2 protein chains.
Amino acid sequence: MNEVVKKKSLTAEDWQDAALNVIAHQGVAAVAVEPLARELGVTKGSFYWHFSNRMDLVKQSLKKWRLGDKKLVEETILTIKNPKKRLLAWFKLSAEPIQTHLIYSTLLADRSHTLISKILKEITLERLSHLQQSYREMGFDEKFAKAQSLLAYSVYVGFLHMSKTLYGSLPDSKQAEEYAQFVAKQLLS
Amino acid sequence: MNEVVKKKSLTAEDWQDAALNVIAHQGVAAVAVEPLARELGVTKGSFYWHFSNRMDLVKQSLKKWRLGDKKLVEETILTIKNPKKRLLAWFKLSAEPIQTHLIYSTLLADRSHTLISKILKEITLERLSHLQQSYREMGFDEKFAKAQSLLAYSVYVGFLHMSKTLYGSLPDSKQAEEYAQFVAKQLLS
DNA sequence: ATAATACCATACGCTACAGTATGGAGTGGT
DNA sequence: ACCACTCCATACTGTAGCGTATGGTATTAT
């Protein structure tokens with residue numbers, strides 16, 4: 001039992017969380033109704049009461065993920081006034097072993113659906129814009145800020161995949177800290 | 001018709017090429033026998049003559065890809081004596097819009113099978129080793145060479161995903177050249 | 001010319017999953 | 001006490017793909 005209080009019935013969010021967990025580790029294609037139902041200890045009769053179909057679940061799950069991710073960034077990064085410190089905080093957060101990174105990196109290789117491509121493009125452009133903004137505030141010119149933010153973001157994405165490939169999971173906080181320091185030294189001078 | 005000479009019968013390599021094409025664009029999970037057969041204008045009776053099962057095709061396809069990739073690197077990169085020029089050549093090749101990169105980046109998010117994880121780890125460590133070697137030959141110490149090669153490789157992987165995400169495909173040669181120059185300036189000083 | 005072999009079509013059984021239809025148990029409101 | 005609504009189980013239909021069995025045709029060898 002992972003829950004002390006045995007819940008009487010499931011909510012839509014319970015299904016979304018389970019779906020996000022699958023997405024993080026096996027991708028969108030692996031999100032299947034019946035296996036999820038088994039995992040949650042119910043049948044798909046429950047599922048089709050909460051959602052209209054499989055894609056509906058995927059959509060709403062990604063929506064939830066996106067909101068949570070946005071909130072995280074707004075609270076821990078965008079509140080920092082000093083642009084250099086803000087970038088450093090971003091590098092550190094990027095290397096933290098949290099689910100949101102796993103989901104993002106998994107989605108990156110999943111071009112199965114137009115919806116996902118669209119979401120990814122939006123998120124990526126959004127984040128690039130933040131980085132570029134910070135570099136500009138540090139005093140760099142437009143062109144350099146653009147190229148450098150693309151480079152920094154590539155490092156972020158690459159690091160996610162590398163970690164999973166080499167270690168099978170995201171590295172722990174200590175390793176992440178060290179790596180963030182090195183990256184900062186190379187990309188924040 | 002994409003072939004002038006209409007072939008009388010298919011070879012195992014024809015199936016492998018078709019499979020690699022699917023892997024490059026939709027991932028290993030999307031490799032299915034019957035759809036491939038339809039695409040090749042035959043039925044699966046043909047498939048099961050050439051391969052014992054679906055996984056057999058995947059294995060052999062990846063083996064072919066790996067051999068081709070190895071040959072490419074050996075011929076265009078490892079033959080260069082000067083370490084700095086060698087690294088520059090690697091950066092440039094990394095940004096070229098060729099299928100081998102697509103396959104690699106797609107595999108990176110595909111942890112469905114132990115075999116694939118194993119292959120990926122091997123390839124990644126192999127490439128990291130080459131990079132590290134080049135940095136060392138440039139005169140950097142062991143520790144820096146290791147960190148820097150990891151950084152450079154992260155940039156490579158990240159760039160692949162970014163390109164697909166933002167532009168839907170790998171960028172053309174001209175863009176690739178510019179990007180490689182910038183990366184080289186930042187990571188090769 | 002005949003036999004062997006390479007290559008493929010067809011037809012089959014099996015499984016996993018999507019989605020629907022319907023009924024039933026529990027719970028809260030009145 | 002009764003009703004309505006929430007949540008889920010059960011039982012279906014339909015489809016896509018895996019793998020097998022078997023027979024047929026064209027090519028090659030002898």
Side-chain angles (χ1 to χ4, degrees), chain A residues 1-3 5-62 64 106 110-116, chain B residues 1-3 5-62 64 106 110-116:
Chain A
M1 295 296 156
N2 44 4
E3 303 230 7
V5 180
K6 187 87 173 183
K7 293 181 64 172
K8 286 187 281 280
S9 63
L10 296 177
T11 67
E13 284 214 14
D14 291 329
W15 284 95
Q16 289 163 20
D17 290 339
L20 286 176
N21 197 42
V22 171
I23 292 175
H25 293 95
Q26 294 149 265
V28 175
V31 175
V33 176
E34 284 165 314
L36 274 181
R38 280 194 289 274
E39 192 181 311
L40 291 172
V42 292
T43 65
K44 60 183 176 178
S46 168
F47 176 85
Y48 285 99
W49 191 89
H50 291 287
F51 303 90
S52 59
N53 54 37
R54 180 186 168 279
M55 204 54 205
D56 184 30
L57 169 66
V58 172
K59 275 190 193 176
Q60 291 190 223
S61 300
L62 291 181
K64 185 190 177 185
T106 304
D110 208 324
R111 326 214 95 44
S112 58
H113 209 276
T114 316
L115 169 76
I116 297 173
Chain B
M1 295 298 156
N2 45 2
E3 302 229 6
V5 181
K6 187 89 175 179
K7 294 182 66 173
K8 287 186 282 278
S9 62
L10 297 176
T11 66
E13 285 215 13
D14 292 328
W15 284 95
Q16 290 164 20
D17 290 338
L20 286 176
N21 197 42
V22 171
I23 292 175
H25 297 287
Q26 294 150 265
V28 175
V31 175
V33 177
E34 284 164 315
L36 272 181
R38 281 193 288 273
E39 191 181 312
L40 291 172
V42 293
T43 66
K44 59 183 176 178
S46 167
F47 177 85
Y48 285 99
W49 192 89
H50 290 286
F51 303 90
S52 59
N53 53 38
R54 180 186 167 278
M55 204 55 205
D56 184 30
L57 169 66
V58 172
K59 275 190 193 177
Q60 290 190 225
S61 299
L62 291 181
K64 186 191 175 185
T106 304
D110 208 324
R111 329 213 93 45
S112 58
H113 207 277
T114 317
L115 170 75
I116 297 173

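As the structure is a prediction and not an experimental result, all values here were calculated from the model. A, B, ... follow the sequence lines: proteins, then strands. Residue 1 opens every chain.
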- Query: Of all residues at least two apart in sequence or in a different chain, which pass the ring pair (Phe, Tyr, Trp, His ring centres under 6.0 Å) check with B:Y48?
  - Reply: none
- Under 3.5 Å donor-acceptor, A:H50 side chain and A:L10 backbone: yes
- Could you tell me whether the side chain of A:S46 and the main chain of A:V42 form a donor-acceptor pair under 3.5 Å? no
For residues 15-37 of chain B, which side-chain donor-acceptor pairs fall under 3.5 Å, sequence neighbours excluded?
residue	atom	partner	partner atom	Å
B:D17	OD1	B:K64	NZ	2.4
B:D17	OD2	B:K64	NZ	3.3
B:E34	OE2	B:K44	NZ	3.0

- Message: With a 4.5 Å cut-off on side-chain heavy atoms, are A:L40 and A:F47 touching?
- Response: no
- B:M55 side, atom CE; B:Q60 side, atom CD - distance, nearest 0.5 Å: 11.5 Å
- Query: Listed in order of residue number, which residues of residues 44-51 of chain B have a non-hydrogen atom at under 4.0 Å from DNA chain C?
  - Reply: B:K44, B:G45, B:S46, B:W49, B:H50
- Query: Got a sec? Which of residues 21-36 of chain A come in under 4.0 Å of DNA chain C, heavy atoms?
  - Reply: A:A32, A:V33, A:E34, A:P35
- Query: Under the side chain to side chain donor-acceptor pair (under 3.5 Å) test, which residues partner B:N53, sequence neighbours left out?
  - Reply: none
- For B:S52, check side chain to side chain donor-acceptor pair (under 3.5 Å) against everything at least two apart and list the hits. B:D56
- Which is the 5'-most and which the 3'-most nucleotide of DNA chain D that has an atom under 4.0 Å from a heavy atom of chain A? D:dT6 to D:dA11
- Where does the chain A footprint on DNA chain C start and end, counting 5' to 3' with a 4.0 Å heavy-atom cut-off? C:dC17 to C:dT20
